[in-house]
Engineer: 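Encoded as structure tokens, here's the structure I'll be asking about.
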There are 4 protein chains.
Amino acid sequence: MNHIYTDLAVESREIYSKGKDIEVEGVAVKVEEQENYTITLVEVLNDEGSKKIGKPIGKYITLHSPNLDNADEDLKDEMSLVLGKEFKGLIKDYKADKVLIIGLGNWDISSDSLGPKVIERVLVTRQYFINFNKEFDESMANVAAVSPGVMGTTGIETFDIVKGIVEKIKPDIVIAVDALSSRKMDRISTTIQLSNIGINPGSGIGNKRKGLTEKTLGVPVFAIGIPTVVNAATMVNDTMDLIIDSMKQTEGVGREFYNLLDDLSKEDKYSLIDEVLSPFMGNVIVTPKDIDVIIEDLSIIIANGLNIAVHPGIDLKDVNRYIR
Amino acid sequence: MNHIYTDLAVESREIYSKGKDIEVEGVAVKVEEQENYTITLVEVLNDEGSKKIGKPIGKYITLHSPNLDNADEDLKDEMSLVLGKEFKGLIKDYKADKVLIIGLGNWDISSDSLGPKVIERVLVTRQYFINFNKEFDESMANVAAVSPGVMGTTGIETFDIVKGIVEKIKPDIVIAVDALSSRKMDRISTTIQLSNIGINPGSGIGNKRKGLTEKTLGVPVFAIGIPTVVNAATMVNDTMDLIIDSMKQTEGVGREFYNLLDDLSKEDKYSLIDEVLSPFMGNVIVTPKDIDVIIEDLSIIIANGLNIAVHPGIDLKDVNRYIR
Amino acid sequence: MNHIYTDLAVESREIYSKGKDIEVEGVAVKVEEQENYTITLVEVLNDEGSKKIGKPIGKYITLHSPNLDNADEDLKDEMSLVLGKEFKGLIKDYKADKVLIIGLGNWDISSDSLGPKVIERVLVTRQYFINFNKEFDESMANVAAVSPGVMGTTGIETFDIVKGIVEKIKPDIVIAVDALSSRKMDRISTTIQLSNIGINPGSGIGNKRKGLTEKTLGVPVFAIGIPTVVNAATMVNDTMDLIIDSMKQTEGVGREFYNLLDDLSKEDKYSLIDEVLSPFMGNVIVTPKDIDVIIEDLSIIIANGLNIAVHPGIDLKDVNRYIR
Amino acid sequence: MNHIYTDLAVESREIYSKGKDIEVEGVAVKVEEQENYTITLVEVLNDEGSKKIGKPIGKYITLHSPNLDNADEDLKDEMSLVLGKEFKGLIKDYKADKVLIIGLGNWDISSDSLGPKVIERVLVTRQYFINFNKEFDESMANVAAVSPGVMGTTGIETFDIVKGIVEKIKPDIVIAVDALSSRKMDRISTTIQLSNIGINPGSGIGNKRKGLTEKTLGVPVFAIGIPTVVNAATMVNDTMDLIIDSMKQTEGVGREFYNLLDDLSKEDKYSLIDEVLSPFMGNVIVTPKDIDVIIEDLSIIIANGLNIAVHPGIDLKDVNRYIR
């Protein structure tokens with residue numbers, strides 16, 4: 001079947017079920033509502049579920065907080081803790097004494113710089129293990145962190161750089177952080193997706209030819225991503241839907257317009273727009289005006305969350321402590 | 001009459017004449033086509049012209065080069081020279097021995113950082129005039145340059161900072177550089193507007209309450225701007241037009257859709273979209289993905305052009321010499 | 001008399017009393033030792049004291065913490081609080097509802113970028129007072145903040161920009177933040193000086209022609225500075241002293257060397273070195289290798305401290321909250 | 001014998017011959033004086049020469065231009081061309097169709113950021129060879145470029161990252177760019193060293209445990225470096241020498257001082273100073289105040305020179321074209 005691609009498993013599922021709240025075979029969904037955020041666990045259980053929503057078998061945890069793009073300090077702390085706790089749950093069945101964190105994306109492009117910004121801020125400890133010739137520490141994990149850049153600026157595929165490093169330093173797990181694209185404006189900078197399936201080709205904002213997965217790297221790969229852009233076609237589509245909705249209440253010209261478009265299936269409409277737009281707007285993104293500032297804040301939340309999740313000795317009161 | 005606001009005089013004129021190539025009373029237009037670029041001079045001659053297209057009396061020169069957003073070095077040099085020559089023409093009837101260049105916009109927001117980036121690169125000479133106690137130099141103008149930031153980060157109105165500086169250093173002219181918004185995707189990062197009317201309230205990407213004009217600052221004010229974003233409503237509108245165009249050639253469903261929308265006047269359609277979108281997307285912009293990189297290139301072109309235009313002793317072969 | 005210039009009042013006093021712990025007429029000194037830091041209050045009481053140590057009449061508070069250049073998070077928090085408390089004490093007898101914070105120095109030169117970095121991080125509120133048309137708020141001061149740059153890059157004297165802004169926005173007090181130079185290596189990045197006498201010509205790393213003082217600006221001016229460099233002559237001098245000290249314990253050649261140099265007065269020795277060095281090393285500084293990273297940390301401490309000191313509603317538990 | 005370490009082969013030779021212009025067996029020296037610069041070729045011919053001056057067998061080309069740290073545009077262009085020509089000569093006997101350029105050093109520390117800055121600016125082409133599935137091009141070399149960071153921030157040894165990449169992309173040669181330290185103030189930012197012996201452990205500003213050499217990487221390794229700092233002991237030593245020189249002309253106290261110090265051998269004196277200083281100033285560097293700005297300029301010169309040297313189709317008139 002013809003999938004509309006999205007980086008977010010919650011969106012894949014929505015698209016499959018056409019927005020209705022029906023059960024999808026092979027896909028388990030659990031939602032937990034809190035005052036300031038919602039946690040949605042989408043678990044793709046088997047091949048059937050994977051084929052249906054177009055996502056590999058695995059767990060996808062989505063943290064959504066509507067004010068995350070303009071969070072006050074209390075919300076930032078709260079989300080760091082939630083992220084830390086959920087990510088800890090995701091990796092708890094894996095050996096994770098040695099961790100390699102990869103910041104994907106292009107640091108020269110604001111909307112794509114989330115990964116590199118997190119790498120700047122995460123607590124790196126592997127040098128101490130080497131300098132003190134230590135294998136294991138009770139309170140600290142052995143963490144290395146690197147931003148491999150993008151092929152457009154290095155001339156080297158991200159995969160090749162990461163694979164080389166994995167072969168040399170042999171981490172237990174890899175955690176990849178990346179900026180994502182979303183199909184909904186209101187998920188931009190407000191949703192964090194955690195997964196245990198790594199990074200697949202074509203995901204993220206830039207193009208990756210080879211995925212970073214357990215299969216390609218030889219160790220379990222986890223991913224953390226936040227959508228920072230929607231593509232142009234998505235935005236036009238969403239607006240048309242808003243127009244149609246607003247016209248449902250009117251009579252006359254509006255009625256006809258609505259009837260006309262309501263006849264088109266959602267996918268047909270999106271394809272039509274995408275086809276019309278693509279020659280003109282290949283390189284155009286839709287993003288918050290102050291995305292540079294938002295990325296700074298989000299990278300602190302992720303770095304804090306990761307520090308809590310991977311180091312046994314960093315507990316919740318240390319949040320905000322180990323970031324620069 | 002109800003104007004659709006745009007920073008570009010060529011667009012104001014297009015909107016007024018509904019895209020048709022008719023003469024507008026009080027507005028003179030002269031177009032010069034070259035291989036790599038087009039120069040359009042829109043001159044608002046009197047109050048009638050000003051009222052019609054919603055722009056103050058004055059000259060607006062637009063340089064448009066379709067590949068400016070991805071220019072090779074030859075095109076960059078060519079456009080620096082053209083900009084230098086045209087700007088020199090614009091200021092030639094004014095005393096311009098002492099120049100103050102103002103870089104408007106927020107350096108923390110990529111799409112709004114054109115002004116500050118130009119200030120980083122323009123040749124500043126006033127300190128030498130002061131240190132050597134010199135009033136005048138044959139080959140160098142006396143140039144000061146400052147980026148006042150935006151009220152959101154300084155807490156101070158841009159106008160107040162600039163006015164204070166003008167009162168202290170008493171320049172002959174002020175040149176303000178700013179990132180603009182456009183109504184057409186294909187003008188983003190490809191069009192440079194020069195004018196002799198300064199910066200008016202509400203223009204540029206950020207909001208300015210008080211304009212920087214001869215009236216408010218007491219000295220002639222020139223402006224250089226490049227559109228770096230379109231707003232969301234504009235983009236949806238443009239896409240709908242593209243869809244309509246593509247449907248004109250089809251039959252059936254497309255026909256009805258076309259007829260329906262063709263009945264709406266351009267302004268009605270735009271207003272409808274704007275109204276529907278605004279509650280959802282106030283802070284959203286549409287911009288090239290690599291706007292950070294584009295801004296670097298454009299700031300070099302403007303800095304080069306300004307250096308050529310204001311310093312008698314910097315001629316065309318020195319281009320690329322006085323920028324960092 | 002011939003003063004050796006230093007930005008730090010504690011050093012001026014040390015130089016005057018040739019390192020001995022004697023009382024200087026017209027200068028009161030109070031030292032408070034804590035576990036992690038020492039607070040020294042040098043108060044120049046009258047013209048006699050001012051002439052003796054070469055500093056204007058006023059209060060100079062020095063916070064010295066030996067590990068400040070490599071502080072863990074607990075020490076950073078502690079020093080923010082101490083700075084906040086001491087600065088609050090310094091301004092408590094002044095009306096300080098409207099505050100203008102000035103970040104002096106050149107943001108393109110790491111060792112001189114402390115002021116601009118603090119401005120990036122301090123909580124700015126004046127825009128809200130304007131937008132909500134408010135004169136006064138119980139929990140928030142009205143704070144504006146600006147980095148005027150340096151004459152070498154703007155072509156404009158710092159004083160002219162600041163004076164213009166003061167005239168427009170009429171603050172109750174001005175607070176100037178600046179990187180200083182010290183005569184002792186071990187004060188670099190470990191000492192914070194607060195004063196109520198503003199910034200005098202020639203102080204700070206760059207050269208300022210006109211001071212920022214109550215006399216020149218018309219409102220009380222406070223200053224916060226941290227030494228980030230020593231000059232080359234100072235370093236050679238300090239090393240020679242170390243060598244002499246190490247030779248006091250040896251016999252033979254070392255003895256003669258020591259006797260020889262011990263005969264020179266401290267000032268003569270310094271002048272000799274300075275004279276010999278200056279033609280070769282005018283532009284050379286001695287600074288910690290990782291000064292870029294240290295400045296980031298120090299700017300957070302100052303921004304936090306300032307936020308605590310000027311806003312009635314930000315108390316100690318909010319530290320780390322209002323910085324980016 | 002006890003070598004005083006320096007990154008520059010010209011300095012190693014000077015130290016060995018105690019500043020006298022004698023011939024050193026196993027070391028050939030050729031000097032070419034030009035108006036604006038001097039080229040010195042130091043060739044270590046055999047093990048004897050290598051032992052004597054403490055540098056591996058190979059060629060070391062030093063370009064020295066006294067005004068390089070404050071160069072006008074003509075000098076920058078001239079030095080780019082000279083560097084390009086000399087480097088082309090150095091690699092001309094090697095297959096160099098596929099080139100990997102490595103920018104060593106820490107981008108967060110200004111004085112150590114030369115390598116990463118060059119990587120930002122060098123022309124990278126390998127992605128086009130891959131995208132167009134091309135093995136060879138007449139006018140363009142296949143160039144990849146990466147900044148591996150430093151162990152202190154990534155937790156990974158530079159060697160491990162580079163070795164991994166070399167194994168994956170199999171370049172013909174590796175070119176490593178690094179900031180160096182010098183023993184003489186007047187070489188800082190004015191001297192460029194090219195060599196065909198790679199990077200050895202302990203060279204550069206940061207500490208590298210494993211070298212990047214043909215032996216360790218399996219392909220020829222070239223190096224380009226510019227000294228950006230001197231260490232504290234060096235500076236004190238140089239100053240003492242200046243003082244002694246200035247005292248030779250005086251009588252009395254100065255005479256004794258001179259006689260005393262003149263008795264110490266140069267190495268003894270340096271060791272004495274180093275020993276005395278090291279506990280106090282381990283982390284201190286001596287560097288030009290505006291090293292940030294100087295590094296920008298120098299990185300452009302190196303990037304230009306490299307572009308000329310490695311790409312057959314970029315000739316001298318294209319200089320300044322392929323850098324950003």
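Per chain, numbering begins at 1; letters A, B, ... match sequence-line order. Below, all heavy atoms of this structure are taken into account, side chains as well, without hydrogens, waters or symmetry copies.
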Engineer: Relative to chain A, which segment of D:Leu100 carries a heavy atom at a distance below 4.5 Å: side chain, backbone, both, or neither?
Structural biologist: side chain
Engineer: Is chain D contacted by the side chain of A:Asn131, its backbone, both, or neither, given a heavy-atom distance below 4.5 Å?
Structural biologist: both
Engineer: Given D:Val219, which partner from the list D:Thr213, D:Val174, D:Ile173, D:Asp172 fulfils the side-chain contact (heavy atoms from CB on, under 4.5 Å) test?
Structural biologist: D:Val174
Engineer: Which atoms of A:Thr153 come close to chain D, meaning under 4.5 Å heavy atom to heavy atom: side chain ones, backbone ones, both, or neither?
Structural biologist: backbone
Engineer: Do you see a donor-acceptor pair shorter than 3.5 Å between the side chains of A:Asp297 and A:Ser299?
Structural biologist: no
Engineer: Quick check on the interface: out of A:Ile130, A:Ile169, A:Val143, who has the most heavy-atom pairs with chain D under 4.5 Å?
Structural biologist: A:Ile130
Engineer: Salt bridge between A:Lys168 and D:Glu167, side-chain N to carboxylate O under 4.0 Å?
Structural biologist: yes
Engineer: In plain terms, say whether D:Glu157 and A:Arg126 are close enough for a salt bridge, that is, a side-chain N and a carboxylate O under 4.0 Å apart.
Structural biologist: no
Engineer: Are A:Phe222 and A:Tyr94 near enough that their ring centres are under 6.0 Å apart?
Structural biologist: yes
Engineer: Report which part of A:Ile156 has an atom under 4.5 Å of a heavy atom belonging to chain D: side chain, backbone, both, or neither.
Structural biologist: both
